[in-house]
Amino acid sequence: MLPDLIATLRAAPSIWHKQDIQTAAIALGQYVPDAAGNPIRLGDDCAAIPDGDGYLLLAAEGIWPQLVTQDPWFAGWCAVMVNLSDIAAMGGRAIAIVDALWSQSTEASQPLLKGMQDAANAYGIPIVGGHTNTHSPYDGLAVAIMGRSQHLITSFEAQPGDSLMVAINLEGTYYGDYSFWNAATTADPAQLKKQLALLPKLAESGLCSAGKDISMGGLAGTLLMLCEASGCGALLDLERIPKPANTDWHKWLTSFPSFGFLLSVPPANAQQVTNLFSLQGITCQTVGEIIANPQVSIQHFGESALFWEGKSPLTGFGNARAATQKATQKATQKATQKAAAESDKNVS
């Protein structure tokens with residue numbers, strides 16, 4: 001069973017399409033400097049921009065064109081929801097939404113707008129502007145959301161020895177033929193807000209500083225991205241993963257859950273983290289362990305198989321700690337040179 005599952009996961013488009021991100025990693029590098037020359041790390045769920053005593057968070061998603069065409073209302077809803085999930089994944093609270101919408105007519109734009117508005121209303125976050133074109137030769141949608149965080153949960157801080165935990169809302173069903181576990185569109189809006197607020201509470205509690213939103217790559221693909229960013233590996237135990245009944249492993253491990261997060265948690269904090277999520281009906285369990293060796297293996301009933309070797313990049317955003325250290329040294333050197341130049345000017 002395990003070798004077949006590994007082979008199927010390696011061939012899953014939702015996972016290997018993540019290699020497209022290497023284009024950005026090559027073009028932009030591992031970090032960019034802010035206005036003061038301080039490094040902003042790239043490759044996380046959001047851009048985390050230092051701002052006062054916290055961070056501004058900026059997330060953006062372009063929606064799968066086929067979904068926009070086939071189910072525009074759902075595409076509009078998802079465009080908002082996935083960005084809100086990214087903001088929450090980094091310990092943030094969303095502030096506002098903007099969108100860029102292309103449609104072939106005013107009529108074609110209406111279900112997209114309705115889906116976005118319905119999601120924005122459900123989560124209580126305003127749509128404040130964007131771009132609209134109703135004379136396009138195609139239909140397309142992208143959404144960006146701004147948020148704020150006082151304490152970050154990042155993809156770069158998973159530590160060997162941490163418990164690998166998953167927090168997921170199992171109170172849902174699959175949406176049509178899509179690999180989307182829907183625990184959102186028909187849920188009580190008040191409950192949606194309370195559940196999403198758990199992530200900033202988790203960050204502010206100090207119980208966890210590393211984790212990632214389970215994205216379109218599913219649990220399996222998201223784990224690879226988390227390990228790649230942190231420069232570590234993981235052992236994932238199938239027996240411990242919460243899963244809906246009558247769902248095969250390949251589908252579940254590559255599904256996008258409407259509420260799902262992978263967390264790297266110090267073992268001493270694991271029970272408190274579980275308790276925090278359970279208060280809002282979220283299933284949270286330890287499903288493995290973070291290890292130093294940069295490879296990911298999957299275990300099942302005593303059998304273990306290698307899924308991913310760290311030397312093979314997925315997104316290309318790896319070695320974040322080394323890149324940040326290098327960037328900090330460069331910024332410090334630049335500041336020192338500037339101070340020396342000012343000193344020479346004053347002397348002369």
Side-chain angles (χ1 to χ4, degrees), residues 41 43-46 48 55 85-86 88-92 149-168 198-215 217-243 253 257 259-278 282-300 304-311 313-315 317-325:
R41 295 184 293 190
D44 218 329
D45 285 308
C46 305
Y55 299 86
S85 186
D86 283 338
M90 294 194 66
S149 176
Q150 293 299 116
H151 302 277
L152 290 179
I153 296 174
T154 87
S155 302
F156 305 120
E157 298 299 331
Q159 301 290 334
D162 278 357
S163 296
L164 178 66
M165 304 188 72
V166 63
I168 195 161
L198 293 172
L199 277 302
K201 288 180 182 178
L202 179 64
E204 291 157 9
S205 72
L207 294 172
C208 173
S209 60
K212 205 163 182 65
D213 159 57
I214 298 179
S215 70
L219 191 157
T222 301
L223 178 56
L224 300 191
M225 292 189 288
L226 175 64
C227 291
E228 181 180 30
S230 290
C232 60
L235 299 175
L236 179 65
D237 191 343
L238 290 187
E239 300 167 52
R240 304 169 76 179
I241 298 174
K243 180 173 73 72
L253 291 175
F259 184 102
F261 299 88
L262 273 179
L263 303 169
S264 180
V265 179
N269 298 344
Q271 188 58 55
Q272 288 176 270
V273 172
T274 296
N275 294 343
L276 176 69
F277 284 99
S278 65
I282 300 299
T283 301
C284 182
Q285 294 179 194
T286 296
V287 296
E289 180 185 1
I290 300 296
I291 61 174
N293 190 11
Q295 62 182 32
V296 174
S297 295
I298 298 178
Q299 300 174 330
H300 187 243
S304 180
L306 179 66
F307 173 37
W308 174 76
E309 185 66 58
K311 63 185 179 183
L314 184 64
T315 69
F317 283 112
N319 295 320
R321 293 191 184 109
T324 302
Q325 183 178 25

Sequence-distant partners of Cys208, side chain to side chain contact (heavy atoms under 4.5 Å, CB included), two or more places apart |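 Cys208 satisfies side chain to side chain contact (heavy atoms under 4.5 Å, CB included) with Leu202, Leu263, Val265 once adjacent residues are dropped.
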Under 3.5 Å donor-acceptor, [X] side chain and [Y] backbone:
| X | Y | answer |
| --- | --- | --- |
| Ser149 | Gly91 | yes |
| Ser230 | Cys232 | no |
| Asp162 | Gln159 | yes |
| Asp45 | Ala89 | no |

Say you draw a straight line from [atom1] of [X] to [atom2] of [Y]; how long is it, rounded to the nearest 0.5 Å?
| X | Y | atom1 | atom2 | result |
| --- | --- | --- | --- | --- |
| Leu276 | Cys284 | CG | SG | 8.5 Å |
| Asp237 | Leu235 | CG | CG | 9.0 Å |
| Leu207 | Met165 | CG | CE | 10.0 Å |
| Leu199 | Phe277 | CG | CZ | 5.0 Å |
| Thr274 | Ile282 | OG1 | CD1 | 12.5 Å |
| Leu164 | Ser264 | CG | OG | 7.0 Å |

Kindly write out the residues that satisfy side chain to side chain donor-acceptor pair (under 3.5 Å) with [X], not counting sequence neighbours, or none if the list is empty.
| X | value |
| --- | --- |
| Ser155 | Asp44, Lys212 |
| Gln271 | Asn275 |
| Glu204 | Arg93 |
| Thr315 | Glu228 |

Could you tabulate the donor-acceptor pairs under 3.5 Å formed by side-chain atoms of residues 218-225, not counting sequence neighbours?
{"from": "Thr222", "atom 1": "OG1", "to": "Ser215", "atom 2": "N", "distance (Å)": "3.0"}
{"from": "Thr222", "atom 1": "OG1", "to": "Gly218", "atom 2": "O", "distance (Å)": "2.8"}

Given side-chain contact (heavy atoms from CB on, under 4.5 Å), test Ser297 with Leu306 step by step and report yes or no.
-> CA-CA 4 Å; Ser297 295; Leu306 179 66; 3.9 Å; yes
Pairwise side-chain contact, Glu157 with Leu152, heavy-atom cut-off 4.5 Å (strictly under) =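 The answer is no; the side chains never approach within 4.5 Å.
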Heavy-atom distance under 4.5 Å between the side chains of Pro242 and Ile168, does that happen here?
->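 Answer yes - side chains close enough.
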For a quick test of your reading: what N or O donor-acceptor pairs under 3.5 Å do the side chains of residues 289-296 make, sequence neighbours left out?
none

Who passes salt bridge (charged side-chain N to carboxylate O under 4.0 Å, His left out) against Glu309, sequence neighbours left out?
->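 Here no residue qualifies.
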Within 6.0 angstrom of Tyr55 OH, more than 12 heavy atoms from elsewhere | no
Which heavy-atom pair separates Cys227 from Trp308 by the least distance, and what is that distance?
->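 Heavy atoms of Cys227 and Trp308 come nearest at CB-CZ3, 4.1 Å.
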Contacts of Phe261 meeting ring pair (Phe, Tyr, Trp, His ring centres under 6.0 Å) (sequence neighbours excluded), chain-then-number -> Phe259
